[in-house]
Amino acid sequence: MVIFCLIIGPVEQMLTIDNLTTVQEFILEGFPAVQHLGKPLFMVHLLLYLVSITGSIVIVTITWTDHCLQTPMYFFLSNYSFLESCFITTVIPKLLAIFLSGRQTISFAACLTQTFFFLFLGSTCFFLLAVMSLDRYVAICNPLHYHSIMNIKICFFLVLSCYVLGFMLIISLVLMVSQLSFCGFNVINHFFCDLGPLVHLSCSDTSSVESLSFLLSIVIILSSLIVTVISYFNIINTIVNLPLAKERWRAFSTCSSHLIVLFLTYGSVVFIYVKPKQTDRVDVNKEAALVNTVITPLLNPFIYTLRNKQVKKALRDTLYRMRYMKSSWNFR
């Protein structure tokens, strides 16, 4: 019996060491029920991605080329459109590759990189949404001092602050995730390397990562939401007290598009990230993340262009100039 125990002991240790082999790559499970529809899903998501990117490019282009749109409001809007196009680019191209080739693997380094840029760009978007709310608050509640408060230096400083703050908050979290051990099951129950499903696979103690993630969710999402709610509470109060109905409608129309985008953006993200344990409700999060990474970015360019008279006018003028230049070139 003693000899048997002496033999079994080292064997069990060897098996334990083998089972703790560090994971070098992950498998993105995606949506198993529809994996047989790879090529149709590729075409649909490619079309949605191209429409979203095109819409963002159009907004950025007309904002920087049309003199009438070179105001703080449209400066923030163009930066938000650029951020959103970068945000969905961290996820959609890899998803398209999975649909087309069927290869669902992603290396550990690529997975961490995708997690970082997804969270960093998403956080920056939330800070920028809060800045856009403050911009509307100053424009409507303090119009006489608007241009002196929201001058070009302040606008650049606010946008730069959003990037720096987003980077500083997220890099610490991703560095903590990189120190976790992944030593067995390597199938990520998601269509990209999101934080919750990734942490769920770790065989280390993830309590500190989850606590930091929850704290950052509060700081990033709820703080920007509080700023937005307070800003719009004062905006609505000011609009209601305007003497003329025409003035009330004009003031409301300048921020209606922003309000719609806020409702679409905050809904799914609060559901996914503002919770103490990131491993909770991983299956349900996939549907919410699909809304956040595909549907909302697709709708936002249309909301900002179709509901804004100045943007529509600038778009028509740009198209007219392009047709004029083309006809002049053909005439030559």
Determine which pairs satisfy side-chain hydrogen bond (donor to acceptor under 3.5 Å, both in side chains) with at least one residue from residues 231-240, sequence neighbours left out, and list them in order. Y232-H258
Does a side-chain heavy-atom distance below 4.5 Å link L198 with L112? yes
Counting only heavy atoms from other residues, nucleotides and ligands, does the tally under 6.0 Å from CZ of F82 exceed 12? no
In short, disulfide bond (SG atoms under 2.5 Å apart) pairs touching residues 70-117 with sequence neighbours left out are C111-C193
Tell me every residue that passes ring pair (Phe, Tyr, Trp, His ring centres under 6.0 Å) with F87, counting only those two or more places apart in sequence or in another chain. F118
Restricting to pairs with a member in residues 107-134, which pass side-chain hydrogen bond (donor to acceptor under 3.5 Å, both in side chains), not counting sequence neighbours? S133-T228
Going by the rule side chain to side chain donor-acceptor pair (under 3.5 Å), which residues pair with T63 if we only count those two or more places apart in sequence or in a different chain? none
List for me each residue that meets side-chain contact (heavy atoms from CB on, under 4.5 Å) alongside V44, sequence neighbours excluded, and say none if there are none. L48
Residue pair E84 / C125: nearest heavy atoms and the distance that separates them: N-SG, 4.3 Å
Spacing of C162 atom SG and F157 atom CZ [to the nearest 0.5 Å]: 10.0 Å
Within a strict 4.5 Å, meaning less than it, do heavy atoms of the L212 and S208 side chains meet? no
Starting at CD1 of I106, measure out to CG of L28 and round the result to the nearest 0.5 Å. 5.5 Å
Compare all side-chain heavy atoms of I88 with those of L298 and state whether any distance is below 4.5 angstrom. no
Please report, to 0.1 Å, the donor-acceptor pairs under 3.5 Å made by any side chain of residues 166-186, with sequence neighbours excluded.
unit_1: S172; atom_1: OG; unit_2: L169; atom_2: O; d: 3.0
unit_1: S178; atom_1: OG; unit_2: L175; atom_2: O; d: 2.6
unit_1: S181; atom_1: OG; unit_2: S204; atom_2: OG; d: 3.3
unit_1: N186; atom_1: ND2; unit_2: E25; atom_2: O; d: 3.1

Do F156 and V159 share a hydrophobic cluster, counting only Ile, Leu, Val, Met, Phe, Trp and Tyr and linking them when any side-chain heavy atoms are less than 4.5 Å apart? yes
Atom pairs and distances, side-chain donor-acceptor, residues 95-102, under 3.5 Å, sequence neighbours left out:
unit_1: S101; atom_1: OG; unit_2: A97; atom_2: O; d: 2.6
unit_1: S101; atom_1: OG; unit_2: R103; atom_2: N; d: 3.2

If you round to the nearest 0.5 Å, how far is CG of L83 from CG of L128? 6.0 Å
Selection residues 43-60 - residue pairs positive for side-chain hydrogen bond (donor to acceptor under 3.5 Å, both in side chains), sequence neighbours left out: Y49-T89
Is it true that a side-chain atom of Q70 and a backbone atom of W64 form a donor plus acceptor pair closer than 3.5 Å? yes
Please answer: with hydrophobic residues joined when any side-chain heavy atoms are less than 4.5 Å apart, are I152 and Y80 in the same cluster? yes
Set of side chain to side chain donor-acceptor pair (under 3.5 Å) partners for D135, sequence neighbours left out: Y146
Side chains of I149 and I154, heavy atoms from C-beta outward: is any pair under 4.5 Å? no
Taken in chain and number order and not counting sequence neighbours, the residues that satisfy side chain to side chain donor-acceptor pair (under 3.5 Å) with N151 are none
Which atom of M150 lies closest to which atom of V138, heavy atoms considered: CE-CG2, 4.3 Å
Heavy atoms from other residues, nucleotides or ligands near CZ of F117 exceed 12 (cutoff 6.0 Å): no
Looking at side-chain heavy atoms only, is the closest gap between F127 and V131 below 4.5 Å? no
For V240, the other hydrophobic cluster members (4.5 Å side-chain criterion, sorted by chain and number) are I236
Connected via hydrophobic side-chain network under 4.5 Å: L195 and V187: yes
Does any part of the side chain of Y74, heavy atoms only, come nearer than 4.5 Å to the side chain of L77, both counted from C-beta? yes
Kindly determine whether S217 and L222 satisfy side-chain contact (heavy atoms from CB on, under 4.5 Å), including the steps that lead there. CA-CA 7 Å; S217 299; L222 292 188; over 6 Å; no
Distance in Å, S213 OG paired with I220 CD1, rounded so as to fall on 0.5 Å steps: 9.0 Å
Should V164 and V227 be counted in the same cluster of Ile, Leu, Val, Met, Phe, Trp and Tyr side chains packed under 4.5 Å apart? no
To the closest 0.5 Å, what do you measure between CZ (F126) and CG (L165)? 14.0 Å
Rounded to the nearest 0.5 Å, what separates atom CG in D194 from atom CG in N189? 11.0 Å
Within one Ile-Leu-Val-Met-Phe-Trp-Tyr cluster: I221 and V229, side-chain cutoff 4.5 Å: yes
